[in-house]
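Right, one structure below, let's go through it.
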Amino acid sequence: MKPFSYLRPRSVAEAVRAGAGHPGARFLGGGTNLVDLMKLGVESPGLLIDVSRLPLDRVTRTDDGGLRIGATVRNSDLAAHPGVRSDYPALSQALLAGASGQLRNTATTGGNLLQRTRCPYFQDVSKPCNKRLPGSGCPAREGAHRDLAVLGHSQDCVATNPSDMAVALAALDATVRLHGPEGERAVPLTGFHRLPGDNPDQDTVIRPGELITEVVLPPRPDGAVSLYRKARDRASYAFALASVAAVLTVRDGRVQHAALAFGGLAHRPWRARAAEDVLRGAPATDETFARAVDAELEAAVPLRDNGFKVTLARNLAIGALAGLTARAAPPR
Amino acid sequence: MDPTPGNDDADAAQVPLPGTRSTFSLDINGTARTVTLDHRTTVLDALREHLGLTGAKKGCDHGQCGACTVLVDGRRANSCLLFAVAQEGARITTVEGLADGDRLHPVQAAFLERDALQCGYCTPGQICSAVGMLGEAADGFPSHVTPPTATTVPEGPAALGAEEIRERMSGNLCRCGAYPHIVRAIEDVAP
Amino acid sequence: MSQAPQPPGAPVVRREGREKVTGTARYAAEHAPPGCLYGWIVPATVPGGVVTATRTADALAVPGVHTVLTPDNAPRLEDPDDPILSVLQDDRVPHRGWPVALVLAESLEAARAGAAAVRVEYRTTGHDVVLTGDHPGLYTPEQANGGHPAVRERGDAEAAFASAPVRIDATYTLGGLHNHPMEPHASTARWADGHLTVHDSSQGSTTVRDSLARALGIDKDHITVISEHVGGGFGSKGTPRPQVVLASMAARHTGRPVQLSLPRRYMAAVVGHRAPTVQRVRLGADREGVLASVSHEIVTHTSTVAEFVEQAAVPARVMYASPHSRTAHRVTALDVPTPSWMRAPGEASGMYALESAMDELACALGIDPVELRLRNEPAAEPDSGRPFSSRNLAACLNDGARRFGWHERDPGPAARQEGPWLLGTGVASATYPVLVSKSAASAHAAPDGSYRIGVNATDIGTGARTVLAQIAASVLGTPPENVRIDIGNSDLPAGSVAGGSSGTASWGSAVHKAATGLAGRLAGRTGPLPPEGVTVTADTARETGEESPYARHAFGAHFVEVAVDSLTGEVRVRRMLGVFAAGHILNSRTARSQFIGGMVMGLGMALTEGSTMDPVFGDFTENDLASYHVPSCADVPDIQAHWIDEDDPHLNPMGSKGIGEIGIVGTAAAIGNAVRHATGARLRTLPLTPDKLLPYLP
């Protein structure tokens with residue numbers, strides 16, 4: 001790890017200004033991934049701009065009944081927030097399925113969205129990796145890739161996004177608000193993370209110097225229920241092999257609203273639009289759910305050792321939709 | 001925080017970077033300690049290599065084992081992932097700060113009685129984690145195994161059965177396999 | 001706490017427990033003396049070849065870096081007793097991760113930055129790192145680990161198998177496994193006045209001292225190795241590891257104290273691992289389940305540095321009666337890190353295969369798997385013909401079955417379901433040999449009526465201090481609190497390694513002998529003791545030099561209930577119960593912890609722990625604790641460990657067998673057998689992660 005300078009700005013504007021003035025600076029939130037990557041030599045910023053004490057640590061209701069989540073809200077606080085638990089249980093469950101109590105106490109909302117892949121080649125600076133060192137190659141494609149992508153990968157990169165939280169946010173139609181040298185903007189969560197294409201070094205559409213300031217959730221659709229379900233190699237404290245976030249409204253036995261997102265399958269949280277198209281208006285039956293999920297997973301291109309993820313994701317999604325249907329509250 | 005050399009963050013974009021070491025204060029087990037540290041120094045290394053407090057352990061140095069768990073402002077955290085400079089002013093409690101003189105903290109006493117340890121290397125982290133976890137539960141924080149409630153949020157402290165304790169303590173690995181006794185020890189102390 | 005003498009087996013509280021729960025117990029990297037330098041190794045980043053250049057200028061320019069040791073400037077070592085200790089002596093890279101330089105700096109931060117700045121150039125040679133069942137390099141070694149003959153044959157196993165009415169022929173494949181004690185291997189070394197003092201994270205500091213003396217070419221009397229508290233080892237600290245040699249060399253070279261801890265990610269390459277095995281088991285039986293032929297043939301890998309052969313076929317020489325048997329090991333030397341001891345080497349891996357095969361046979365015959373095992377109880381040790389000093393496998397199976405409620409089981413596969421969960425139960429046997437090594441001890445009586453015992457035992461979490469105090473106290477007729485125990489220092493009377501479940505037997509025998517001698521001396525005295533007290537020393541060279549005419553083994557039985565999520569393939573253990581027969585249990589509190597701990601590691605072997613060799617890069621892919629999944633608290637149910645008290649006069653003065661390893665033996669088979677019962681799927685590889693289960697689920 002290189003020596004670095006450290007700044008603790010008092011406002012978002014000051015933080016953004018500092019970032020703009022120093023290429024190679026990184027914003028420090030909880031640091032649970034950044035510090036890890038600095039120790040590995042994957043990240044080597046010359047300046048850390050500590051944004052963890054900025055006044056972005058609140059969760060508030062929006063005028064339309066949605067939720068505004070500050071970027072420095074800790075994962076554990078967000079998971080425990082009464083508004084999240086009541087209206088967006090998938091988000092609370094996703095956060096609680098991630099990491100450990102200690103890590104959730106430290107990790108922030110903004111940082112969680114920016115955590116980087118756990119692909120073993122990315123984490124080992126003695127090996128090639130197009131994400132870490134563009135053009136150096138992707139050994140994972142032929143190498144160890146059981147945990148890596150089955151959807152949306154490219155010749156250059158088969159990494160997966162490790163976040164649980166982001167999967168729930170994708171299904172909940174969240175919006176990410178950014179503050180950068182050129183002003184503020186909002187990006188839908190589903191467009192925030194990228195597919196790798198030929199420049200996998202870019203995980204997201206964030207621009208140099210931009211700071212995540214908040215995540216905004218729209219109001220819960222009337223009668224909608226949601227959940228997050230994750231499968232992993234041990235019972236706790238492990239990344240997802242595959243996961244699913246589902247939001248469902250059923251009226252008169254038919255799906256009125258459905259949102260489905262997968263984790264652990266791709267370079268970004270995978271919003272399952274094709275499945276949703278099948279679901280919308282269809283009878284809320286296992287047959288529909290299977291058809292919908294298959295419509296989505298048709299696009300999967302498994303690698304040599306990770307075909308099980310397709311089956312796993314299919315089972316998780318059908319199970320989630322069936323589970324939600326069984327307990328879907330009658331619409332008010 | 002007093003970066004050395006001098007700090008001027010009034011208009012950071014216009015000034016040269018501050019240095020790579022700073023002098024600042026940490027509250028460790030109730031005592032203010034002023035330290036001058038390389039910014040790269042984590043809370044864990046500050047405790048172990050600079051402050052003579054080796055109770056917090058380095059098991060992985062990457063937030064993957066929990067042996068370094070301490071309480072920061074009363075909440076448990078992996079001290080290996082915290083840069084010390086970023087914790088300026090924080091109240092840090094280590095395993096050395098739990099007992100009241102010769103009287104063990106109830107969690108420490110329960111670990112001893114239940115033989116909830118073998119090699120002892122994960123033990124300080126387990127104990128700090130348990131203390132923090134009991135506080136989280138008392139504050140009503142849910143866990144992954146807390147039954148989801150579709151429309152209502154339970155009031156008051158979360159109940160702690162064995163399954164809850166196991167899930168909530170899963171950020172602390174124990175290679176000796178003392179888990180069954182760790183869970184019993186915490187059950188003894190849980191309300 | 002009672003001040004009266006304690007009965008044998010009393011649940012005396014762990015002596016050093018208070019230090020451990022208050023954080024005052026100090027481990028090897030917690031002694032940083034003033035002026036200490038921090039070391040950081042530079043691991044080789046190619047899987048094989050030679051170093052052609054090591055450029056250290058950038059590293060030396062890093063502020064705080066003091067020295068970079070490479071083969072060009074590192075002190076020369078004498079020929080070490082273990083070639084893995086021959087570090088920084090030449091340009092050879094036998095495997096990825098081999099240390100090629102050592103950076104010494106004024107701080108940990110500078111040491112890590114310095115290591116990242118060392119530029120190493122290599123000339124690579126082709127490498128071969130993947131073990132296959134038919135690897136062309138396979139050969140039959142002279143011995144497997146533990147001095148066991150590589151091959152044993154009895155009768156004509158081949159012919160008897162061919163003519164058996166019921167046959168099982170199954171191949172089980174295990175990947176590598178890693179010890180991963182929570183405390184990484186660490187050493188703090190300092191030289192003062194020609195004397196080297198090292199705090200080392202080791203399972204036996206007498207052994208470390210002797211190895212260092214040989215490697216450094218100095219007299220043993222000029223070295224003190226201290227292993228006061230050790231954060232687990234599970235075999236990986238049973239012999240000296242490179243960090244202790246590097247720290248000692250560096251301290252000598254720089255004239256400064258040196259502290260060196262291995263980063264977790266580097267451990268898999270330098271501290272040993274359980275080698276992968278491909279195991280073929282053939283069982284031939286009659287229709288009543290009586291075995292006619294048992295053959296267990298394994299292949300495994302070792303490194304090009306040293307030969308280590310996981311003795312996985314050895315337990316088949318002990319377990320079941322059969323007139324015909326063949327047990328054989330073959331090994332191939334690959335460009336991989338050197339494998340070594342991991343908790344119950346041989347037994348843990350071999351009994352997974354053998355006990356899975358016994359379950360397959362039970363299923364094929366439609367005989368209850370407990371009953372099948374009972375039908376094959378031998379009258380004497382099958383391989384040697386020697387009588388057992390005691391053998392209570394049958395009692396363990398019967399008692400365990402009763403406690404577990406085994407016989408309420410519907411033997412049919414996939415018969416029980418609870419929501420999405422498929423439920424099943426499984427059983428397997430366990431065995432572990434009785435081992436003992438020479439040790440010495442001193443016993444001292446002070447005029448104030450207190451006693452002090454000195455023995456270089458090592459407490460790696462077993463509770464050695466506590467049980468040795470109990471042993472001495474019972475001989476001396478005094479409460480354990482009245483006996484001070486000094487261990488963990490090579491200046492003490494020489495103790496054997498804390499390994500092979502032999503610690504208590506080995507150190508305890510010496511302590512018992514010294515304390516008995518002391519008691520005799522005291523009994524013959526009248527009047528007050530002299531001011532310096534009375535000291536008796538003893539060693540067990542004679543006792544341990546005699547080969548026992550008996551076959552001596554501990555036995556056990558595991559019963560497990562699992563739930564398999566039919567949607568995800570996730571397996572959860574719901575209940576786990578072990579019954580063990582291991583002589584007299586000397587401290588029920590700490591013994592229970594050891595049994596349970598072994599069972600938890602067996603659960604990890606069965607369900608969560610997997611390590612794969614990267615064929616291109618030549619390293620283990622799962623090299624940190626985020627990817628190598630040791631079980632978490634949530635994976636582990638309440639576990640019951642019970643025992644049958646054995647009165648075996650052929651063991652040692654305490655009548656004890658070792659208990660540190662038997663808990664892991666057979667656990668994985670019991671879990672695998674339960675998964676088969678739950679799902680109908682017989683998987684012959686581990687760990688049983690969702691990717692393995694999913695293809696077999698409805």
Side-chain angles (χ1 to χ4, degrees), chain A residues 1-10 14-15 17-22 25 28 30-36 38-40 46-50 52-53 74 76-77 79-80 82-83 85-87 89 92-93 96-106 225 227 230 234-237 327 329, chain B residues 1 3 7 9-22 38-40 42 61-64 66 68-69 72 75-83 85-86 88 125 128-129 132-133 136 139-146 148-154 166-173:
Chain A
M1 196 190 301
K2 282 194 328 194
F4 59 85
S5 300
Y6 172 83
L7 283 179
R8 195 185 301 140
R10 281 162 300 214
E14 202 182 303
R17 208 157 56 237
H22 297 288
L28 175 69
T32 52
N33 191 207
L34 181 58
V35 178
D36 169 37
M38 288 169 71
K39 289 181 180 184
L40 293 172
L47 169 66
L48 283 190
I49 303 165
D50 184 351
S52 66
R53 300 190 198 190
R74 308 288 165 162
S76 48
D77 291 326
R85 291 177 74 184
S86 62
D87 288 356
S92 181
Q93 290 160 15
L96 295 171
S100 67
Q102 290 93 315
L103 290 165
R104 293 191 294 270
N105 279 342
T106 306
V225 287
L227 67 71
K230 170 181 181 179
R234 67 180 166 195
S236 187
Y237 203 13
R327 68 164 200 255
Chain B
M1 183 183 65
N7 176 26
D9 59 359
D11 196 351
Q14 309 302 313
V15 298
L17 287 174
T20 58
R21 298 171 68 81
S22 294
D38 190 312
H39 293 157
R40 293 174 294 181
T42 58
D61 212 20
H62 286 271
Q64 300 166 355
C68 66
T69 302
V72 179
R75 295 172 63 152
R76 53 187 173 153
N78 300 107
S79 63
C80 73
L81 293 179
L82 304 174
F83 287 129
V85 64
E88 177 180 15
C128 286
S129 184
M133 181 276 278
E136 290 163 14
D139 290 343
F141 278 63
S143 85
H144 176 60
V145 299
T146 307
T149 46
T151 53
T152 59
V153 174
R166 286 185 196 118
E167 164 57 26
R168 290 169 188 260
M169 289 299 293
S170 282
N172 292 84
L173 301 180

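Residue B/Cys80 comes nearest to A/Val35 through the heavy atom pair O-CG1, 4.1 Å, listed as atom of the first residue, atom of the second, then distance. When every heavy atom of A/Asp50 is checked against every heavy atom of B/Ala86, the shortest pair comes out as OD2-CB, 3.4 Å. The heavy-atom pair separating A/Leu96 from B/Pro142 by the smallest distance is CD2-O, 3.5 Å. Here the shortest heavy-atom pairing between B/Phe141 and A/Ala80 reads CD2-CB, 3.9 Å.
Looking at A/Leu47, the atoms closer than 4.5 Å to chain B (heavy atoms on both sides) all sit in the side chain, from C-beta outward. Within the 4.5 angstrom heavy-atom criterion, only backbone atoms of A/Ala79 (N, CA, C, O) approach chain B. With a 4.5 angstrom heavy-atom cutoff, A/Lys230 does not touch chain B via any of its atoms. Using a 4.5 Å cut-off between heavy atoms, B/Ser143 touches chain A through its backbone atoms (N, CA, C, O) alone. Contact annotation for A/Ser76: both backbone and side-chain heavy atoms come within less than 4.5 Å of a heavy atom of chain B. Residue A/Ile49 does not touch chain B at all, counting heavy-atom pairs closer than 4.5 Å. Neither the backbone nor the side chain of A/Asn33 has a heavy atom closer than 4.5 Å to any heavy atom of chain B.
Side-chain atoms of A/Gln102 and B/Asn172 form a donor-acceptor pair, as typed in the model, at a separation below 3.5 Å.
Of the listed residues (A/Leu34, A/Leu28, A/Leu227, A/Leu40), the greatest number of heavy-atom pairs within a distance under 4.5 Å of chain B belongs to A/Leu40.
In this structure, the side chains of B/Phe83 and A/Met38 come closer than 4.5 Å at one or more pairs of heavy atoms. Contact of the B/His144 side chain with the A/Ser236 side chain is not registered, since no non-hydrogen atoms from C-beta on lie closer than 4.5 Å. The shortest side-chain heavy-atom distance between B/Leu81 and A/Asp36 falls under the 4.5 Å cut-off. Between B/His39 and A/Pro3 there is no side-chain heavy-atom pair separated by less than 4.5 Å.
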Checklist line | Worked verdict on B/Asp38 versus A/Met1 for side chain to side chain contact (heavy atoms under 4.5 Å, CB included) | finding: CA-CA 11 Å; B/Asp38 190 312; A/Met1 196 190 301; over 6 Å; no
Notebook entry, point to check: Which is it for B/Asp61 and A/Lys39 under the side chain to side chain contact (heavy atoms under 4.5 Å, CB included) test, yes or no, and what are the steps along the way?
Noted result: CA-CA 9 Å; B/Asp61 212 20; A/Lys39 289 181 180 184; 2.8 Å; yes
Item checked: Test log, rule side chain to side chain contact (heavy atoms under 4.5 Å, CB included), inputs B/Asn78 and A/Thr106 -> CA-CA 8 Å; B/Asn78 300 107; A/Thr106 306; 5.7 Å; no
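Proximity of a side-chain donor or acceptor of B/Arg76 to a complementary backbone N or O of A/Asn105 within less than 3.5 Å is not detected.
Rounding to the nearest 0.5 Å places OG of A/Ser100 at 9.5 Å from CD of B/Glu167. The line from CG of A/Leu103 to OG1 of B/Thr69 is 8.5 Å long, rounded to the nearest 0.5 Å.
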